[in-house]
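In what follows, a single structure is set out as structure tokens and then discussed.
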2 protein chains.
Amino acid sequence: MIMELDYQSEVPVYLQIRNEIVKGIGRGQIDFGEQLPTVRSLAADIGVNTMTVSKAYKLLDQQGYIVTDRRRGAVVCAKNQMPDFASNEGHRKELILLASEAALGGCSREEFLDMCREAYVET
Amino acid sequence: MIMELDYQSEVPVYLQIRNEIVKGIGRGQIDFGEQLPTVRSLAADIGVNTMTVSKAYKLLDQQGYIVTDRRRGAVVCAKNQMPDFASNEGHRKELILLASEAALGGCSREEFLDMCREAYVET
DNA sequence: CCTTTTGTATTATTTATTATAATACAAAAA
DNA sequence: TTTTTGTATTATAATAAATAATACAAAAGG
């Protein structure tokens, strides 16, 4: 599994792993129902501790992106079981902050929306 | 100065202060060129340590939102001096992650753009 | 049966971050 | 001269992040 990590980033590694997997599912590089690599193999691949990957998987499980099972490993949920976006108040607040920064940073509403449109990849 | 802080949040207090000020400027609640409260008064207002507010001001200064001066205090920059948004790669990556989560979470591209449009308040 | 594999729990340790506290400083303004 | 400004300093405490080594329960494969 390809995974771009930035060890200089202020974003913790386990969160970066979580984010990369979410983007992978969103882009279609990881399929719904697909079995993720085991924590041990992924940890070896990217050169981090087993528990760091486990922490990422646990978070993905808690957020409803995957189901982890001691016996079956980690499996991506079905499309219709993914966590709802519109009802997530945290995401709304993130968008408001980003939009504020955009407005201050010289982006008109339409320019901002163009960037948002570009960020959303149709599957 | 009104400031909503969540001490249960995983976002550090100094970052929340920074974010609230950026949103305040973006919403027009804080004017360009306006003098911000002193670190001591804001710290007393919201009940945190002086250095916590100082850290927020220092970050805002480094990012180009305000100018701090030992003698003149903290002053919001002019509109045309605000940090550029479109060229900020970090913001692009944030948008891509959000868009991925939106796509997985049942938001069509248009629904996602509606949320983005709603988040951007015209001044 | 036995071995392997699974995610995770546990314990210990190290490092970095966050926040508080009390003090101090340089320099402009009053 | 005194006050006010942001910030530097030093110390301390609490929390978070990452590593390390080990262990466990339970299913799967042989």
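This structure is a prediction, so every number in the text was calculated from the model and none was measured. Labels below follow one simple rule: chain letters A, B, ... track the order of the sequence lines, proteins then strands, and each chain is numbered from 1.
Rounded to an integer number of Å, the gap from CG of B/Leu36 to P of D/dT5 is 13 Å. Regarding A/Asp69, its CG atom lies at a distance of 8 Å from the C1' atom of C/dT6, rounded to whole Å. Rounded to an integer number of Å, the gap from B/Leu59 CG to D/dT7 P is 11 Å. The nearest whole Å value for the distance from the CD atom in A/Glu10 to the C1' atom in C/dT15 is 17 Å. C/dT18 atom C1' lies 11 Å from atom CG of B/Asn49, rounded to whole Å. To the nearest angstrom, P of C/dA9 lies 7 Å from CE of A/Met51. B/Ile66 places its CD1 atom 14 Å from the P atom of D/dT5, with the value rounded to the nearest Å. We find that CD1 of A/Ile17 is positioned 12 Å from C1' of D/dA17, with the value rounded to whole Å.
Not one side-chain nitrogen or oxygen of B/Thr50 sits closer than 4.0 Å to the OP1 or OP2 atom of C/dA21. For the pair B/Tyr57 and D/dT7, the criterion of a side-chain N or O lying under 4.0 Å from OP1 or OP2 is not met. Residue B/Lys55 has no polar side-chain atom (N or O) positioned under 4.0 Å from OP1 or OP2 of C/dA19. One finds a side-chain N or O of B/Ser54 lying less than 4.0 angstrom from the OP1 or OP2 phosphate oxygen of D/dT7.
With no hydrogens or angles considered, a side-chain donor-acceptor pair links A/Arg18 and A/Gln63 at under 3.5 Å. Inspection of the B/Ser87 and B/Asp84 side chains reveals an N or O donor paired with an N or O acceptor under 3.5 Å.
Nearest to the side-chain atoms of A/Tyr14 among the listed nucleotides C/dT18, D/dA18, C/dT20 stands D/dA18. In this structure, the nucleotide among D/dA18, D/dT5, C/dA9 sitting nearest to the side chain of B/Thr38 is D/dT5. Nearest nucleotide to the side chain of B/Thr68, out of C/dA21, C/dT8, D/dT7: D/dT7. For B/Arg40, the listed nucleotide lying nearest its side chain is D/dT5; candidates were D/dC24, D/dA18, D/dT5. Residue A/Pro12 has its side chain nearest to D/dA17 when only D/dT7, D/dT19, D/dA17 are considered. In the set C/dA9, D/dA20, D/dA17, the nucleotide with an atom closest to the side chain of A/Lys58 is C/dA9.
Remark: side-chain polar atoms of B/Glu111 are paired, donor with acceptor, to backbone N or O of B/Ser108 under 3.5 angstrom.
Of the charged side-chain nitrogens involved, none lies within less than 4.0 Å of a carboxylate oxygen, so that A/Arg92 and A/Glu89 do not count as a salt-bridged pair. Under 4.0 Å is where a charged nitrogen must lie from a carboxylate oxygen, and between B/Asp114 and B/Arg117 at least one such pair does.
Counting any heavy atom pair closer than 4.0 Å across all strands shown, A/Arg72 reaches no nucleic acid atom.
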